[in-house]
Each structure stands twice: as structure tokens, then as C-alpha cells.
Amino acid sequence: MQQVKLGMVGAGGIATMHSNNLLRIAEARVTAVCDLDLNRAETLSKLLGASAYIDIEEMLNKENFDGMLFFTPPSCRVENLMKVIRRKIPVFIEKPAADYVDIAEEIADLIDEYEVINAIGYMWRSSSCLTKMKQLIGGRKVGVVHGNTISRVGYGSKYYDKAATGVQIKEQTTHILNVAQSLVGEASTISTVGTMGRLMQADWLKTEDVSSMSVLYKNGAVGSFTNCFLYEGDSIFSLDACGQNFALTFDMGNNRLSGTVDHIRIDYQGPENPYETEMRNFIKAIRASDQSYNACPYREGIHALKMTLLAEVALSSGRAESF
Ligand SMILES: NC(=O)c1ccc[n+]([C@@H]2O[C@H](COP(=O)([O-])OP(=O)(O)OC[C@H]3O[C@@H](n4cnc5c(N)ncnc54)[C@H](O)[C@@H]3O)[C@@H](O)[C@H]2O)c1
């Protein structure tokens, strides 16, 4: 295969960020961009030297693709995604996996049935810091994981409305939960506390702006995850893991790993941009027809979705909730 030909569905915020990375990847070219908003499709298609579409059916009928990038939110991607999988086109799908677990499982089953190369956009799974962290931990037991999601999206965004399908735990904490899962496996029980309007009162704020989750994992490890979604300063996305004679922090926002292992100081700066690396890996997987290049296959993204949905149930019930 010469240059991998990619299609893009959704030309909003994350699509723009990925497009700038894709321009640096010589092995691939985006040949078509589809968005319901023609202006957005045209803006990115100009940047990428691609054709613009508003109708995915027309795009699929007119062009040939080696891979498709889904940069649409989960609420408006399911039907199109399934169409593309049935055409056996490799798919890169932004997180979260879906709005609901049954839909995510249906998509994962379809991917298996059509044996399609696939990846979900949990970019920190592609960081060399995480690889190094796993190497340093080796066969030791992880006892505790602690994550921070301290951030903000635009005031009034739908992510501050619990009635909308994508509150911040599901949108952002999902990343930290997914990375923790790669260290300690699946969770069994979650409890959550939170306060709505702790940092700011606003009529658009219809979810807890501060919350904290306590998690028991099936293997006996415990986790705590702190969320602060109206933070005005620079975002902090991080995960600490400690266990048998090690304590390490993966500062995801800065792609750094630090801490100690057997009393030896670790301080490592990951050289890569994890978003670019996950995309390069997806392209390698397509070229080699080898799924193993993708650090996080779609199905592995489903557990973080389950956790975020259960965390919301626990927040309402005030009790520890089990899967
Ligand atoms: N990995 C990350 O760090 C990260 C960061 C931001 C967003 N995301 C994820 O990316 C996804 C998109 O987020 P965003 O912030 O770019 O959203 P956005 O609203 O900025 O962009 C979404 C685009 O999809 C288009 N669209 C909607 N339905 C469509 C359809 N049926 N066909 C074609 N286009 C359609 C919209 O017109 C819009 O332009 C979400 O799932 C989000 O969670 C991931």
C-alpha cells in the first residue's frame, strides 16, 4: 500500500487538532471530509487538500478509503459507523465508546464480525510514559491508583448539563479511568460524592462541578478519582500508581513520568505527542493489516464508559454501586 487514504467524519474541534497532526504523517492522506456543516467540512478539506461532503453516503459511494476517522460525538455517529464497518473499512473512533453500553457492545461485536482494524481515541494509551510505567512496575502489585481531572470546557457547554448525554465524567475523567484500567484491570464497585455549584453558580450548570470517586477493582486494588470541572487555571490530567516499593505519577497533560522505584528516582519526559502517535499507530495497523499496533482497541474503551455511567448512578444514589 502506498499512501493510506483516509476519510474523516466530523470536522469540529478534535478533528481540527488531529488534522494538524495528520499533515505531518507522510504515510497517510485525508482525501475527503464529511460534516453536516458544510463550512466546517470545507475549512478542513482546504487545509488537508481533500474533498468536502455533507452526506456520508455520497462520500462513500464516490471515494475509496483505506480507513475512516470518526470525530463526531457518540450521539451522532452510530449509524454511519456501522455502515463503514460493514464495508470492512478500518475505523478510528474518538472516545467515549458510545452513549450507552449496549450500543458500544453492538459496535464492538460488529467490528469483530467484520474483522475490522480499529482504535478508540484514548491517546494516553499511546504514550511512552505509560509503556515505561508498565515496564518499571513489571510483575509488582499495584495497590492504589489516584487520578486527577482538573479542567474546564466552555461555559454553558452541553458537558455541564446532566440531562445531555455527555457530562464531564463521561467526557474527560474517562481518559484517566481508561489508563488506570490498563494498570489494574476492571472495577467492581464505585461510590461517588459531588457538589453542584461549588466553584460557580450559573443557570447552565446542571451537573456537579466538583466530585470524587472511590473505586474497588476486581483484583483488590483501590482507586480514587478527583474531578474539578470549572478550574480556571491550566488543566491537570494525571494518574498516580503505587504498590510494592514504587510510587509513580504519569502527568498526562505534560507527558511526563516521575516518582521512585526501589528508592531510585525516575524522571522521564515522553518525547512524543500522544495524539500524533495514536494516529501513526492506526496508520501502521492499516498498512500492515495488524491490529496489534493500536494501543487501545475499541472494545477496551467500553469499560471506562461503564465506569462513568456507574459513577453517575452512585452520585445520585449516594451508595456504593457494583457492576
Ligand atoms: N481525545 C480527546 O482528547 C478528545 C478531545 C476533544 C473531543 N474528543 C471527542 O471527539 C468527539 C467530537 O468532539 P468535538 O469536540 O470535536 O465536537 P464538535 O462539536 O466540535 O465537532 C463535532 C462535529 O461533528 C459534526 N457532525 C455531527 N453529526 C454529524 C454527522 N452525522 N455527520 C457528519 N458530521 C456530523 C458536527 O457538525 C461538528 O462539526 C467527541 O466524542 C469527544 O468526546 C476527544
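What you see is a predicted model, and the numbers here were worked out from it, not measured in a lab. Remember, it's 1-based here, ligands and their atoms both numbered in the order they're listed.
- The two atoms that bring I117 and Q291 nearest to each other are CA-OE1, 3.4 Å, heavy atoms only.
- Scanning the protein heavy atoms around atom 10 (O) of ligand 1, the nearest turns out to be I14 CG2, 3.2 Å.
- For the 3.5 Å distance criterion, the side chains of D290 and S292 qualify, holding a donor opposite an acceptor.
- Across all non-hydrogen atoms, the minimal contact from A187 to M307 is CB-CE, 3.7 Å.
- Looking at P74 next to ligand 1, no N or O pair under 3.5 Å apart turns up.
- Under a 4.0 Å criterion applied to the non-hydrogen atoms of M123, ligand 1 contributes the atoms 1 (N), 3 (O).
- Under the 4.0 Å criterion applied to side-chain N and carboxylate O atoms, D66 and R287 are not assigned as salt-bridge partners.
- The nearest heavy-atom contact from the protein to atom 40 (C) of ligand 1 is K95 O, 3.7 Å.
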>> Run the ring pair (Phe, Tyr, Trp, His ring centres under 6.0 Å) test on H303 and F323 for me, step by step, so that the C-alpha distance in whole Å, both residues' side-chain angles and the decisive distance to 0.1 Å come before the verdict.
In response: CA-CA 11 Å; H303 189 65; F323 286 104; 5.4 Å; yes
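- Looking at ligand 1, you won't find any N or O of D37 less than 3.5 Å from one of its N or O atoms.
- With hydrogens left out, the protein atom closest to atom 32 (N) of ligand 1 is L36 CG, 3.8 Å, a heavy atom.
- Using a cut-off of 4.0 Å between Lys/Arg side-chain N and Asp/Glu carboxylate O, E312 and K162 are scored as salt-bridged.
- Atoms of ligand 1 found under 4.0 Å from any heavy atom of R77 (numbered from 1 in listed order, with element): 41 (O).
- The residues E105 and R299 are annotated as not salt-bridged, no charged nitrogen and carboxylate oxygen being separated by less than 4.0 angstrom.
- Distances shorter than 4.0 angstrom do not occur between any heavy atom of E79 and any atom of ligand 1.
- Using a 4.0 Å cut-off between charged nitrogen and carboxylate oxygen, E58 and K62 count as a salt-bridge pair.
- Under 4.0 Å from ligand 1, the heavy atoms of N80 that appear belong solely to its side chain.
- For atom 23 (C) of ligand 1, the nearest non-hydrogen atom of the protein is D35 OD2, 3.6 Å.
- Counting protein heavy atoms only, atom 28 (N) of ligand 1 is closest to C76 SG, 3.3 Å.
- Among G10, P73, A98, the residue whose heavy atom lies closest to atom 22 (C) of ligand 1 is P73.
- Distance from atom 20 (O) of ligand 1 to its nearest protein heavy atom, with residue and atom name: G13 N, 2.9 Å.
- Using a 4.0 Å cut-off to heavy atoms of G12, the atoms of ligand 1 that qualify are 16 (O), 20 (O), 21 (O), 23 (C), 39 (O).
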> Step by step, would you call R24 with E276 a salt bridge (charged side-chain N to carboxylate O under 4.0 Å, His left out)?
Replying inline: CA-CA 9 Å; R24 288 193 288 273; E276 188 174 325; 2.9 Å; yes
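- Checked for salt-bridge contact, D234 and R152 miss the test: no charged N lies under 4.0 Å from a carboxylate O.
- Of the protein's heavy atoms, E94 OE1, 3.2 Å lies nearest to atom 44 (C) of ligand 1.
- Listed by number with element, the atoms of ligand 1 under 4.0 Å from a non-hydrogen atom of R40 are 20 (O), 21 (O), 38 (C), 39 (O).
- Under the 4.0 angstrom criterion for non-hydrogen atoms, M17 is not in contact with ligand 1.
- The CZ atom of F250 lies 13.0 Å from the NZ atom of K132; values are rounded to the nearest 0.5 Å.
- The distance from ligand 1 to the heavy atoms of Y275 drops below 4.0 Å at these ligand atoms: 1 (N), 2 (C), 3 (O).
- Scanning the protein for heavy atoms near atom 12 (C) of ligand 1, the closest one is F71 O, 3.3 Å.
- There is no side-chain donor-acceptor pair under 3.5 Å between S258 and D267.
- Under a 4.0 Å criterion applied to the non-hydrogen atoms of E171, ligand 1 contributes the atoms 7 (C), 42 (C), 43 (O).
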>> Evaluate H175 against Y122 for ring pair (Phe, Tyr, Trp, His ring centres under 6.0 Å), listing each step before the verdict.
In response: CA-CA 6 Å; H175 278 292; Y122 285 109; 5.5 Å; yes
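- In this structure, T72 counts as a contact residue of ligand 1, since one of its heavy atoms falls inside 4.0 Å of the ligand.
- Near G121, meaning under 4.0 Å from one of its heavy atoms, ligand 1 places the atoms 1 (N).
- Per-residue contacts place P96 under 4.0 angstrom from the following atoms of ligand 1 (heavy atoms of the residue considered): 41 (O), 43 (O).
- The pair K95-E171 meets the salt-bridge criterion, since a charged nitrogen lies less than 4.0 angstrom from a carboxylate oxygen.
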